[in-house]
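What's counted below: heavy atoms across the whole structure, side chains too, no hydrogens, waters or symmetry copies. Order of the sequence lines fixes the chain letters, A, B, ..., with proteins taken first and strands second; residue numbering starts at 1 for each chain.
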Amino acid sequence: MDRVTFTIEPKAPYDQGMTAPEQPFFRGAGEHNRTKDGYRRLLDLREKAALAVVRPRGGVGDPTLEVELLGGGLTDDDAAAAAGQLEWVLGAGQDVKPFYDSTRSDPVMREITERFFGMHLTHSLTVFESLVLAILGQQIAAPVARVVRRLVVETYGPSETFDGVEYFAFPRPEAIQAATVEELRGLKLSQRKAEYVKGIAAAAMDSSGWLEGLKELPEDEVVERLTELRGVGKWSAHWVLTRALGHPDAFPSGDLALQRAVSNLYFRGEKQGEREVENFSERWRPFRAYATAYLFAALRAGLA
DNA sequence: ACCCAGGCATTGG
DNA sequence: CCAATGCATGGG
């Protein structure tokens, strides 16, 4: 068992306690992925798996992340790959300051950014991961979605035990593709969702590698390609744009919870539909993905 | 029982 | 292009 340590310097302001729990795969993913005592995550490094333990040091204005990497036969290349994955997952390199500055004329958003000061947008490591998580989150209550996601991860994800605790990485496409619809239904997926995720796994395994190559394309082409997949509509495509591809201005105006947040915070509860929310979002350009993340954070904190 | 929840596909105008 | 409908699931 090797133990490698290194540090990551996130762009300030950065608050690990605000940021890490926003990972959809991480959030509520079980006791083994708690933030107390460090953010822990099993990383899939191709030929091996390694557990990363990330501990914040320094203040929000002067942040450093101390990373401890545990596993067998770890090389310098492994450490470099792990560092790259963690930086992306935790949004460490992101600059939230321009977004904060732009909220000066928006008292509501300004209050939220002050409440969640230092929260960065987290990312998923692959388009495949964000697509599957999107499907599993469609049209069901968030707590239910977490249960289903956790079941899928803990059934098909690569796992390894450290210090008596079993950790999971996100399943590889091969594992989902090989699963039967019946097995997936046993994990509380509907018939349709089971078919959808298997189709997405098949797309991810396509030898052309087009799915993970979408990061090179402009936004509208990404949406066009993704929505050709069965089960993937505009909402899921926008989810991928923000979560996996890190587009700072993507905006899921069709999202019911987002509509609720905008209605409650800006219109005294008067219900705003997709069209209204889309128009209203102009004020947050070109940071609409940030605005969305902060509105969701406010929702989850019971502020809307 | 009924309704809704961080949608999607299909059909009909 | 918009509206209505069926599909599924667990929790209020």
> Please tell me if A/R260 has a side-chain N or O lying less than 4.0 Å from either OP1 or OP2 of B/dG6.
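Looking at the OP1 and OP2 atoms of B/dG6, one of them is under 4.0 Å from a side-chain N or O of A/R260.
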
> Any side-chain N or O of A/S236 less than 4.0 Å from the OP1 or OP2 oxygen of B/dG7?
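So the side-chain polar atoms of A/S236 never come under 4.0 Å of the phosphate oxygens OP1 or OP2 of B/dG7.
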
> For A/L258, answer base if it contacts any base atom (sugar-phosphate contacts may also be present), sugar-phosphate if it contacts only those atoms, and nothing otherwise; contact means non-hydrogen atoms under 4.0 Å.
nothing

> Would you confirm whether the ring centroid of A/F251 sits within less than 6.0 angstrom of the ring centroid of A/H238?
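No, they do not, as the ring centres are separated by 6.0 Å or more.
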
> Report yes or no: is the ring centroid of A/W235 under 5.5 Å from the six-membered base ring centroid of B/dG7, with the two planes under 30 degrees?
no

> Starting at CD1 of A/I200 and ending at P of B/dC8, how long is that distance when rounded to a whole Å?
11 Å

> Of A/I140 and A/Y196, whose closest DNA chain B nucleotide lies nearer the 5' terminus?
A/I140

> What's the closest nucleotide to the A/R185 side chain, out of B/dA9, C/dT9, B/dG6?
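Nearest listed nucleotide: C/dT9.
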
> Can you find a side chain N or O atom of A/R192 that sits less than 4.0 Å from OP1 or OP2 on C/dT9?
no

> If you measure from the P atom in B/dA9 to the same atom in C/dG10, how many Å do you get, rounded?
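The same atom, P, in both gives a distance of 22 Å.
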
> Answer yes if the side chains of A/E9 and A/T64 hold a donor-acceptor pair under 3.5 Å, and no otherwise.
yes

> A/Y294 vs A/F99 aromatic rings, parallel, tilted or perpendicular, using cut-offs 30° and 60°?
tilted

> 5'-most contact on DNA chain B: A/A141 or A/I135, nearest heavy atom basis?
A/A141

> Under 4.0 Å, counting only non-hydrogen atoms across every strand here, what does A/L229 touch: a base, just sugar-phosphate, or nothing?
sugar-phosphate

> Rounded to whole Å, please give me the gap between CD in A/Q139 and C1' in B/dA9.
13 Å

> Starting at atom CD of A/Q138, determine the distance to atom C1' of C/dG10, rounded to an integer number of angstrom.
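So the CD-C1' distance, A/Q138 to C/dG10, works out to 17 Å.
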
> Map A/V147 and A/Q191 onto DNA chain C by nearest heavy atom, then report which one ends up closer to the 5' terminus.
A/Q191

> How many whole angstroms separate atom CZ of A/R300 from atom P of B/dG6?
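Rounded to the whole Å, the gap is 11 Å.
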
> B/dC2 and C/dG6: how far apart are their P atoms, nearest whole angstrom?
15 Å

> Could you work out which one of C/dT9, B/dG6, B/dC8 sits closest to the side chain of A/A257?
B/dG6

> Just checking, any donor-acceptor pair under 3.5 angstrom between side chains of A/D106 and A/Y266?
yes

> Are A/Y100 and A/F117, when compared by the centres of their aromatic rings, separated by less than 6.0 Å?
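That pair passes the under 6.0 Å test.
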
> Can we say A/E111 and A/R115 salt-bridge, meaning some charged N sits less than 4.0 Å from an Asp/Glu carboxylate O?
no

> Side-chain donor-acceptor pair under 3.5 Å between A/R243 and A/T122, yes or no?
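The criterion, which ignores hydrogens and geometry beyond distance, is satisfied for A/T122 and A/R243.
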
> Could you check how far NE2 of A/H238 sits from C1' of B/dG6, rounded to whole Å?
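Rounding to the nearest Å, NE2 of A/H238 and C1' of B/dG6 are 14 Å apart.
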
> Between A/K188 (NZ) and C/dG11 (C1'), how many Å, whole number?
12 Å

> Is A/F296 touching bases, backbone alone, or none of the nucleic acid, heavy atoms closer than 4.0 Å?
base

> How close or far is atom C1' of B/dT10 from atom CD of A/E195, stated in whole angstroms?
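Whole-Å distance recorded here is 15 Å.
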
> How many Å lie between NZ on A/K234 and C1' on C/dC1, as a whole number?
12 Å

> Tell me whether the NZ or CZ atom of A/R288 lies within the 45° cone about the ring axis of A/W284 and under 6.0 Å from its centre.
no

> Taking only Watson-Crick and G-U wobble pairs with both distances under 3.5 Å, what dot-bracket line describes DNA chain C, where [ ] shows pairs that cross earlier ones and | shows pairs with another strand?
|||||||..|||

> Determine the interatomic distance between P on C/dC7 and the same-named atom on B/dG6; round to the nearest Å.
23 Å

> Roughly how many Å apart are B/dC4 and C/dT5, using the P atom of each and rounding to a whole number?
14 Å

> State whether a side-chain donor-acceptor pair under 3.5 Å links A/S159 with A/E166.
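Yes, side-chain donor-acceptor contact under 3.5 Å.
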
> Does a distance-only test, which skips hydrogens and angles, find a donor-acceptor pair under 3.5 Å between the side chain of A/R146 and the base of B/dG6?
no

> With a 4.0 Å cut-off on heavy atoms, is A/V232 in touch with a base, just the backbone sugar-phosphate, or nothing at all?
sugar-phosphate

